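Presented below is the structure to which this report refers.
Please read all numbers here as calculations on a predicted model, not as lab measurements.
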Amino acid sequence: MSAQPLAQPLAEAAASVASPAHPLAQQLGHPLAASAASLVQSVDWLAVAPPLIAAVVALGVLVADLFLPESRKNVLGWISVAGLAAAALMLLPLLDGDRATFCLTGNGTGTGAGPGPLTGAPRACSYTADHFTLVIQLLVLGGALLAALLSITTLDDDRRRVPSGEFWFLLLSATAGAALLPAARDLATLIVALEVASLPAFALVGIRHGDRRSAEAALKFFLSSVTATAVSLMGVSFVYASTGTLYLTQVAQRLPDTPGQLHTLAQTGVVLTLIGFAFKTAAVPFHFWVPDTYVGAPLPVAAYLSVVGKAVGFSGLILVTVVAFPSYADVWGPALAVLAALTMSVGNVGALRQQATRARSAVRLLAWSSVGQAGYLLVPIAAAGYAKDAQKAIGSTVAYALMYAAVNLGAFAVAAVVGRGRAGNRISDYRGLYATNPVTALLMAFFLLCLAGLPPGIIGLFAKVTVFSAAVGAGLGWLAVVMAVNVVIALFYYLRWTALLFRAPEGETVRHRIPAPLTAAIALAGVAGVALSGAPQLVLRFAATGLF
């Protein structure tokens with residue numbers, strides 16, 4: 001007997017019982033109707049558009065690579081740039097308010113912070129496009145766009161060792177994961193997004209065929225990241241076992257009421273999760289992979305990791321601390337304060353020790369500088385564990401991250417210009433850059449002064465003051481003193497590099513033509529830095545507005 005004739009009557013009976021008008025449903029308080037409503041997902045495609053576009057373009061590029069002849073492979077780069085620009089433009093329709101999808105209750109759309117219509121409890125959603133999400137996605141997609149412009153020139157110069165199709169697929173895939181992560185509001189989605197952002201990055205670091213340095217850098221990056229993932233997964237599993245939920249808002253509600261026999265398990269889960277994300281942020285002592293990875297990777301990949309990779313780690317750290325574990329602020333607040341002090345100190349001392357004549361010393365200095373900058377970024381997150389207004393403290397981190405992204409990518413773009421003429425890319429190779437490329441030298445000086453926090457890099461100065469005030473406002477006076485000392489240390493090596501740009505060149509000066517994609521990358525970074533320095537309130541407003 002066929003089961004097909006029975007399927008339709010059974011389905012109709014189930015729908016009838018689940019209907020609110022059915023007598024049985026009325027007697028039970030509509031539990032079946034509520035259950036059915038909670039299982040039906042209405043996807044908000046507009047909310048998920050930015051990471052979705054990046055993922056679709058990644059697949060399109062991979063397929064197109066199969067059919068394009070070698071002479072037309074450069075088209076893939078421009079398709080990737082267009083895809084990233086389209087993904088960034090899709091942030092504009094989301095500015096009108098918070099949106100959420102893949103929710104546990106309700107219809108799955110609308111605001112992510114309001115109560116669910118069925119239970120009255122705060123809604124638990126897996127994806128939320130709130131203010132924090134949009135700002136970090138802008139940073140991620142904008143940073144990836146500049147890195148893609150740098151990559152077009154690099155692939156043209158090194159086509160034999162770097163396969164175009166695979167490169168663009170990996171870059172776009174990593175960007176899709178990085179754009180998904182700040183929107184994740186459950187621990188499972190957070191870990192998946194973290195791995196989607198990380199796994200392609202391993203391959204990007206070691207993508208140059210036959211390059212021993214690149215392979216070694218990829219191996220170090222892989223081992224450190226796998227360790228971080230293993231620790232994070234262990235922590236997440238302990239938190240889930242303690243609370244019975246993966247949604248960040250529900251974890252925050254249930255952690256304070258964890259039964260006594262599960263209290264130790266919950267504490268261990270919180271600590272392990274924080275350690276895993278500390279690896280991702282390159283906080284000391286989990287920073288050992290950064291210098292060798294940046295030096296061994298193709299320069300655009302190093303630029304990508306310094307900005308987008310850092311955004312991934314810090315946005316994940318913010319979500320697990322401020323959103324999921326606020327009841328453990330007395331644990332992660334002091335721990336992150338100590339990590340911030342260690343990270344900025346070790347990073348700046350490492351940058352200070354770089355020798356100007358050492359091969360690849362320019363990239364190595366930028367790598368150590370990024371470690372030091374990570375310490376500054378950790379300060380407001382640590383302050384959020386002490387401050388009454390945690391969101392304002394987190395806003396300081398977001399504001400500083402936006403400034404850092406624009407000027408650090410600009411510095412890497414100028415390093416790519418110098419590296420085309422001098423493969424060693426030593427700091428000493430920048431001597432006399434003003435005589436050969438005046439505009440490029442002036443922009444490099446501006447980028448370095450922004451990182452140092454000196455005029456005319458006003459945005460760098462204001463961002464550092466914002467971070468400093470967050471530490472003072474939270475009562476972390478000792479951390480503010482450590483930060484002030486490190487700012488002075490950083491001034492020395494930033495100013496030394498800046499002065500070198502305007503010294504008389506050694507030997508005959510040679511002018512090099514800068515390719516259009518590289519020119520566009522430097523120009524975009526310069527425009528962003530100058531615009532933010534002229535109107536710093538565009539960034540600093542994030543320090544005063546609610547992000548979640």
Side-chain angles (χ1 to χ4, degrees), residues 48-90 140-180 192-193 195-211 213-215 217-219 221-222 225 293 296-305 307-309 312 409 412-413 416 419-420 515-521:
V48 302
L52 183 62
I53 289 175
V56 170
V57 175
L59 294 175
V61 165
L62 187 63
V63 173
D65 180 57
L66 300 174
F67 302 98
L68 286 175
E70 191 65 32
S71 59
R72 300 287 303 278
K73 295 288 188 182
N74 59 341
V75 175
L76 300 176
W78 293 110
I79 293 175
S80 302
V81 169
L84 290 170
L89 289 175
M90 289 307 298
V140 166
L141 295 171
L145 179 61
L146 288 179
L149 289 172
L150 295 179
S151 301
I152 291 176
T153 302
T154 300
L155 290 179
D156 287 340
D157 295 340
D158 205 8
R159 186 177 299 277
R160 292 183 179 179
R161 294 194 300 172
V162 180
S164 297
E166 290 88 334
F167 180 90
W168 292 115
F169 170 74
L170 292 170
L171 182 66
L172 289 166
S173 298
T175 303
L180 172 63
V192 170
E195 287 311 292
V196 173
S198 300
L199 290 175
F202 306 150
L204 284 173
V205 171
I207 199 169
R208 281 193 298 221
H209 296 165
D211 191 325
R213 186 185 295 107
S214 180
L219 180 60
F221 185 29
F222 171 76
S225 190
T293 298
L299 196 60
V301 176
Y304 176 88
L305 292 176
V307 171
V308 180
V312 167
L409 283 169
F412 268 101
R420 296 186 79 244
L518 202 49
T519 301

Tell me, which pairs form a salt bridge (charged side-chain N to carboxylate O under 4.0 Å, His left out) where one or both residues lie in residues 54-66, sequence neighbours left out? Asp65-Lys73
Is there side-chain contact between [X] and [Y], with heavy atoms separated by less than 4.5 Å?
{"X": "Val196", "Y": "Val192", "value": "yes"}
{"X": "Phe167", "Y": "Leu172", "value": "no"}
{"X": "Ser198", "Y": "Phe221", "value": "no"}
{"X": "Ile152", "Y": "Trp168", "value": "yes"}

Start with the C-alpha distance between Leu84 and Thr175, add both sets of side-chain angles, then the distance that settles side chain to side chain contact (heavy atoms under 4.5 Å, CB included), and finish with yes or no. CA-CA 9 Å; Leu84 290 170; Thr175 303; 3.8 Å; yes
List the atom of [X], the atom of [Y], and the distance in Å for their closest heavy-atom pair.
{"X": "Leu141", "Y": "Ala179", "answer": "CD2-CB, 4.5 Å"}
{"X": "Ala197", "Y": "Val312", "answer": "CB-CG2, 4.1 Å"}
{"X": "Met90", "Y": "Ala49", "answer": "CE-CB, 3.9 Å"}
{"X": "Leu204", "Y": "Pro298", "answer": "O-CD, 3.6 Å"}
{"X": "Ala148", "Y": "Val81", "answer": "CB-CG2, 3.9 Å"}
{"X": "Ser151", "Y": "Pro300", "answer": "OG-CB, 3.2 Å"}

Has [X] got a side-chain atom pairing as donor or acceptor with [Y]'s backbone, closer than 3.5 angstrom?
{"X": "Arg72", "Y": "Phe67", "result": "no"}
{"X": "Thr293", "Y": "Ala218", "result": "no"}
{"X": "Ser173", "Y": "Phe169", "result": "yes"}

Show the numbers, then the answer: is there a side chain to side chain contact (heavy atoms under 4.5 Å, CB included) between Arg420 and Leu518? CA-CA 11 Å; Arg420 296 186 79 244; Leu518 202 49; 3.9 Å; yes
Please determine whether side chain to side chain contact (heavy atoms under 4.5 Å, CB included) holds for the pair Asn74 and Leu155, giving the CA-CA distance in whole Å, both sets of side-chain angles, and the decisive distance to 0.1 Å. CA-CA 8 Å; Asn74 59 341; Leu155 290 179; over 6 Å; no
Please name all residues satisfying ring-ring contact (aromatic ring centres under 6.0 Å, His included) with Phe222, sequence neighbours left out, ordered by chain then number. Phe202
Test log, rule side chain to side chain contact (heavy atoms under 4.5 Å, CB included), inputs Val307 and Leu146: CA-CA 10 Å; Val307 171; Leu146 288 179; over 6 Å; no
